[in-house]
Every structure is written in C-alpha cells, then in structure tokens.
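Here's the structure we're looking at; comments come further down.
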Amino acid sequence: MLKLAGVKTYYGNIQALKGIDIEISQGEIITLIGANGAGKSTTLMSICGIVPPRSGSITFEGRPIHDMKPNDIVRLGICQVPEGRRIFPFLTVIENLDMGSFLRNDKADVKRDLDYVLTLFPILAERRNQAGGTLSGGEQQMLAISRALMARPRLLLLDEPSLGLAPLVVRQIFAIIRKINQEQKTTIFLVEQNANLALKAAHRGYVMENGRITLADLTVNLLANEAVRKAYLGI
Ligand code: ATP
C-alpha cells in the first residue's frame with residue numbers, strides 16, 4: 001500500500017532521514033519506534049508532504065506521492081494525527097470533527113462516520129458542544145483521532161498518541177486503535193516512543209536510529225530481540 005524507498009529528508013542543512021526504506025501492506029498496523037530525535041516525526045511529515053523528501057521515492061498504491069501537496073495526499077486517503085494533537089481549541093468538539101470531513105462531499109456517509117466516532121468515543125458525544133481546548137489531554141487525543149477518521153482515511157498515521165497521557169487512558173486509546181484497524185479495515189502507521197505498547201499493538205515494526213532504519217521485523221521477534229529489549233524496553 002505504501003512504499004518508501006531511499007527517502008532522504010532535510011531541514012536546511014540538517015539531514016533528518018538518511019535513506020530509509022519502509023513498506024506497509026493494506027490492513028496492517030505497523031509501528032516505527034526510536035529514541036528522541038531519531039527521525040520518526042519527520043518520516044510522517046515526509047509521507048504527508050509537509051516536509052517532502054529531497055531524494056528517494058514514496059508511493060501510495062503504486063502512485064508516486066513524494067511531489068504532491070499535502071491536501072492532495074489527504075484526498076488520496078492518507079491522514080495524520082500529529083504529535084501534540086493540534087485540535088482547534090476554540091472550536092467545539094463537533095466543529096473540530098466537521099473540519100475533518102472538510103474535503104468530503106458524501107454527506108450521508110459523513111453523518112454515518114460521525115455517528116461511528118461518537119460511539120467509539122462516547123465521552124466526545126457527551127462533550128459535543130464544549131470547546132476543544134477545554135478537554136483533558138486524553139479527550140483531546142480521542143478528538144484528534146476522531147477528526148482524522150472523519151476524513152475516512154485508508155491509511156492513518158499516528159504520531160505518539162501516548163504522549164503525556166495517563167497509563168489507563170493510553171491503554172484505552174490503544175484498544176481503540178486496534179478496533180479501528182479491525183472494524184474499519186484502516187491501515188495504521190504508528191510512531192511511538194512507548195516501544196512496549198506500540199510493539200504489542202502492531203503486527204510488524206521498524207526501529208529507527210539517527211535517521212536510519214536499523215531493524216525491521218515482526219513485532220513478536222522485536223519483542224524478543226535482545227538489543228531492542230535493552231535499548232527500548234528497559235529489560
Ligand atoms: P521525537 O520523538 O522527539 O519527536 P523524532 O524521532 O520524531 O523525535 P524528528 O522530530 O523527526 O525526530 O527529528 C529528527 C531530527 O530532525 C532531529 O535531529 C531534529 O532536531 C531535526 N529537526 C526536526 N524538526 C526540525 C526543524 N523544523 N528544523 C530543524 N531540524 C529539525
């Protein structure tokens with residue numbers, strides 16, 4: 001479904017991605033783990049066209065997207081939930097969700113998807129007329145995921161959904177991520193510093209260090225890998 005080949009991305013003179021290869025098949029949950037500053041967010045930014053690669057290629061369902069604009073990439077069915085959630089703080093919950101479906105014309109399906117996200121996260125239904133900025137961190141993460149789902153993505157990119165949240169809320173959110181993958185058949189690319197949770201949620205994983213992919217394997221194997229256990233799982 002998605003293929004990155006030899007992707008190199010820069011911020012001015014700083015090279016953040018040093019030629020990375022990643023492949024994601026339809027229906028998978030794939031995780032990318034790595035330390036602070038390894039290049040995980042940059043990988044997502046490159047896929048979305050926000051920080052396009054300087055060389056290499058990114059193809060989505062066989063079509064090159066590395067030269068496309070972010071809004072055209074969203075139209076193809078790729079949607080990102082950014083790190084730090086970035087909901088619209090002064091818009092209500094419902095208005096935030098409306099923004100997610102901004103590019104869609106299929107009104108009846110939009111209504112069905114709205115009902116779906118509100119059953120997925122009943123707390124958002126309760127808080128539907130509350131300003132986004134007044135929600136708790138966990139609720140804002142739920143809203144950010146729901147807003148992305150309102151774009152009806154086929155590939156959902158999640159940047160550190162666990163960041164700054166209490167363990168119980170994180171477990172809830174990861175359970176919903178798996179549910180979305182199973183019920184909606186949404187393919188998920190999950191970037192996380194919380195390697196333990198991410199490796200348990202995903203089917204396959206990539207490990208990134210200093211802008212390079214250093215390991216790629218089934219998550220069961222990564223969880224058993226001595227180097228991964230030492231560096232990322234603290235075991
Ligand atoms: P974190 O988990 O802390 O978000 P990360 O693995 O997502 O880390 P990136 O944010 O992708 O890492 O950063 C990769 C490298 O690119 C780092 O060295 C970082 O300092 C650099 N970088 C990121 N954003 C910018 C920017 N806007 N300008 C310059 N350098 C940047």
Side-chain angles (χ1 to χ4, degrees), residues 2-24 29-58 60 65-66 68-70 73-74 78-87 137-138 140-141 144-145 147-148 153 155-167 169-170 173-174 177 187-202 204-217 219 222-223 225 227-234:
L2 185 81
K3 183 170 180 175
L4 282 72
V7 169
K8 296 182 180 170
T9 302
Y10 294 74
Y11 297 99
N13 293 328
I14 298 167
Q15 185 174 12
L17 300 183
K18 299 172 181 162
I20 64 163
D21 301 326
I22 291 177
E23 283 189 41
I24 301 178
I29 303 181
I30 298 295
T31 189
L32 175 65
I33 60 168
N36 251 325
K40 304 182 301 298
S41 297
T42 306
T43 304
L44 295 188
M45 299 288 195
S46 290
I47 296 169
C48 292
I50 297 166
V51 188
R54 203 173 283 178
S55 65
S57 66
I58 304 179
F60 180 61
I65 59 166
H66 47 262
M68 289 176 64
K69 294 201 176 69
I73 293 174
V74 173
I78 300 180
C79 200
Q80 185 183 177
V81 181
E83 186 177 332
R85 318 193 258 265
R86 311 254 184 99
I87 54 138
Q140 288 190 20
Q141 185 63 63
I145 293 172
R147 184 183 56 185
L155 174 62
L156 183 64
L157 312 175
L158 295 165
D159 197 349
E160 303 229 12
S162 76
L163 195 73
L165 303 182
V169 179
V170 171
I173 285 176
F174 271 67
I177 290 170
T187 307
I188 293 176
F189 188 33
L190 169 67
V191 160
E192 259 299 339
Q193 268 193 58
N194 189 331
N196 189 32
L197 266 173
L199 290 174
K200 283 178 180 154
R204 287 190 302 118
Y206 290 84
V207 179
M208 182 171 238
E209 281 170 33
N210 291 321
R212 291 196 168 84
I213 300 293
T214 53
L215 273 173
D217 209 335
T219 47
L222 291 174
L223 282 163
N225 180 299
V228 172
R229 288 167 74 84
K230 262 209 181 104
Y232 300 104
L233 303 176

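Whatever order the structure lists them in is the order used to number ligands and atoms, beginning at 1. Nothing here was measured: the structure is a model prediction, and the numbers come from that model.
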Close-contact set for ligand 1 against Ala35 heavy atoms, below 4.0 Å: 6 (O)

Contact atoms of ligand 1, heavy-atom distance to Ala38 under 4.0 Å: 5 (P), 6 (O), 12 (O)

From the candidates Lys40, Gln15, Glu160, Met45, the one that places a heavy atom nearest atom 5 (P) of ligand 1: Lys40

Under 3.5 Å side-chain donor-acceptor pair for Thr42 and Thr9: no

Under-4.0 Å protein heavy-atom contact, atom 19 (C) of ligand 1: no

Thr42 neighbourhood, listing ligand 1 atoms whose heavy-atom distance to it stays under 4.0 Å: 9 (P), 11 (O), 13 (O), 14 (C)

Close approach of Gly34 to ligand 1, heavy atoms, under 4.0 angstrom: no

Minimum side-chain heavy-atom gap Ile22-Phe189 below 4.5 Å: yes

Residues in side chain to side chain contact (heavy atoms under 4.5 Å, CB included) contact with Leu215, at least two apart in sequence or another chain: Val207, Leu222, Asn225, Val228

Heavy-atom protein contact below 4.0 Å for atom 22 (N) of ligand 1: yes

Check: Pro52 main-chain N/O paired with Ser46 side-chain donor or acceptor under 3.5 Å: no

Check: Arg54 side chain, Gln15 main-chain N or O, donor-acceptor pair, under 3.5 Å: no

Closest protein heavy atom to atom 4 (O) of ligand 1, given as residue, atom name and distance to 0.1 Å: Glu83 OE1, 3.2 Å

Heavy atom of the protein closest to atom 12 (O) of ligand 1 (residue, atom name, distance): Gly39 N, 3.1 Å

Nearest neighbour in protein (non-hydrogen) for atom 24 (N) of ligand 1: Tyr11 CZ, 3.4 Å

Main-chain N/O of Leu17 paired to Arg212 side chain as donor or acceptor, under 3.5 Å: no

Per-atom contacts, ligand 1 versus Ser41 - under 4.0 Å to a heavy atom: 4 (O), 5 (P), 7 (O), 10 (O), 11 (O)

Atom 17 (C) of ligand 1: the protein heavy-atom neighbour that sits closest, reported with distance to 0.1 Å: Gly37 O, 3.6 Å

Heavy-atom nearest neighbour in the protein, as seen from atom 1 (P) of ligand 1, with distance rounded to 0.1 Å: Asn36 OD1, 3.5 Å

Identify all side-chain donor-acceptor contacts of residues 30-38 below 3.5 Å with residues at least two apart in sequence or on another chain.
{"residue": "Thr31", "atom": "OG1", "partner": "Leu190", "partner atom": "O", "Å": "2.8"}
{"residue": "Asn36", "atom": "OD1", "partner": "Gln193", "partner atom": "NE2", "Å": "3.2"}

Polar side-chain atom of Thr219 near backbone of Ala202 as donor-acceptor pair, under 3.5 Å: yes

Polar side-chain atom of His66 near backbone of Ile58 as donor-acceptor pair, under 3.5 Å: yes

Polar atom proximity, Ile14 to ligand 1 (N or O, under 3.5 Å): no

